[in-house]
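For reference, the structure is listed below as structure tokens.
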There are 2 protein chains.
Amino acid sequence: MSTEELKALFNQSGQRFTAQREAVWQLFVEHPRGLTIAQATTVLAERKISQTTIYRTVKNLQDMGYLRWVHNPEGEHRYLATRPGHTHMLVCRQCDRAVECSDCDLSVLEQLIARKTDFTVEGHYLEFYGLCPNCRKTL
Amino acid sequence: MSTEELKALFNQSGQRFTAQREAVWQLFVEHPRGLTIAQATTVLAERKISQTTIYRTVKNLQDMGYLRWVHNPEGEHRYLATRPGHTHMLVCRQCDRAVECSDCDLSVLEQLIARKTDFTVEGHYLEFYGLCPNCRKTL
DNA sequence: ACAGTTAATGAAAAAATATGTCAATAAAAA
DNA sequence: TTTTTATTGACATATTTTTTCATTAACTGT
Ligand SMILES: [Zn+2]
Ligand SMILES: [Zn+2]
Ligand SMILES: [Zn+2]
Ligand SMILES: [Zn+2]
């Protein structure tokens, strides 16, 4: 998602792509490992962007599908730039680097579970964790 | 996990299975969809169990592996009783009834992702949602 | 460019969530 | 029973998130 495209999307729905919103978006684009709100606030405070705006913008981008959060086993919440739609995250437990993996086929599994439980399975929330190539080397 | 077994586990490690701890555990057993701390506090306030104890007991049970927290896409934190080890929940989006499904085989998918990303995939969080038999009938 | 209109921001307050302290209490051990 | 130890709950404190509202900035039409 380029800055221009994002601007267009904001404008389409009568919203303004302000300098603050652009800065928040940029920050997440520049940090593929994702950031907590606290981290984002610390960085963006230097640019005089308020915490309130960060909370609001994160929520905006999240609702639009361009930011999503992951949680590591320790329970930390971090937000990551992402594409809208059904995707999953693969997160490194060591360095928190994350990549998106949009292909998943759980249909066979979902059918199995549907048969066993008699539920209608409509979807899933899935997140992978492991070690990125770098961290595997250094461990 | 029966109450007796849990009591034995607490005692084994020199801890006491008090009435408060039992009440907290019971509450989560009775709510398979899980509860937020706030919900648990509201219910257990009637039995004069303090918020502090609830936080502490939830942490205890979590450390022991009998309670785990789920952080769904809506951002809600809920704790739910579970067995230690690897399981998943299948939750009805209508009535919140949930069943545990411990069998999952994502090995093929994990291998595919590992090849594509060069990550070492160690595990996953997975939660299914859909409709339970009852709700399917009445919709 | 200018005035009118609407949306967004930021500072502060308020609310919600989580943790720490410590005297009183309850359970187990002696 | 008496002593010892773990646990609880009231309260204080800290952290995180949301709300409020006056000010500021961005768009609109002229
Ligand atoms: Zn890594
Ligand atoms: Zn999927
Ligand atoms: Zn149902
Ligand atoms: Zn699994």
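Nothing here was measured: the structure is a model prediction, and the numbers come from that model. Side chains are part of it too, since the values below use all heavy atoms of this structure and drop only hydrogens, waters and symmetry mates. Below, chains carry the letters A, B, ... as their sequence lines are ordered, and counting in each starts from 1.
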side-chain hydrogen bond (donor to acceptor under 3.5 Å, both in side chains) evaluation trace for A:Glu110 with A:Ser107:
CA-CA 5 Å; A:Glu110 288 184 354; A:Ser107 56; over 6 Å; no
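- Note: A:Arg68 CZ to A:Met89 CE = 5.5 Å, rounded to the nearest 0.5 Å.
- Judged purely by atom type and a 3.5 angstrom limit, B:Glu127 has no side-chain atom pairing as donor or acceptor with the backbone of A:His124.
- Side-chain contact, B:Thr57 with B:Gln20: no donor N or O sits under 3.5 Å from an acceptor N or O.
- Residues of residues 55-67 of chain B having a heavy atom closer than 4.0 Å to DNA chain C, listed by number: B:Tyr55.
- Near DNA chain C, meaning a heavy atom under 4.0 Å away, the residues from residues 11-21 of chain A are A:Gln15, A:Arg16, A:Thr18, A:Gln20, A:Arg21.
- For the pair B:His88 and B:Leu126, the tightest heavy-atom approach, listed with the atom from each and the gap, is ND1-O, 3.0 Å.
- For residues 30-54 of chain A, no pair satisfies salt bridge (charged side-chain N to carboxylate O under 4.0 Å, His left out), with sequence neighbours left out.
- Aromatic ring centres of A:Phe128 and B:Phe119 lie farther apart than the 6.0 Å criterion allows.
- Extent of DNA chain C lying under 4.0 Å from chain A heavy atoms, first and last nucleotide in 5' to 3' order, is C:dT6 to C:dA12.
- Residues of residues 34-53 of chain A having a heavy atom closer than 4.0 Å to DNA chain C, listed by number: A:Lys48, A:Ile49, A:Ser50, A:Thr52, A:Thr53.
- Mapping heavy-atom proximity under 4.0 Å, the span of DNA chain D touched by chain B runs 5' to 3' from D:dT5 to D:dC11.
- Among all heavy-atom pairs drawn from B:Arg21 and B:Arg16, the shortest one is NH1-O, 2.7 Å.
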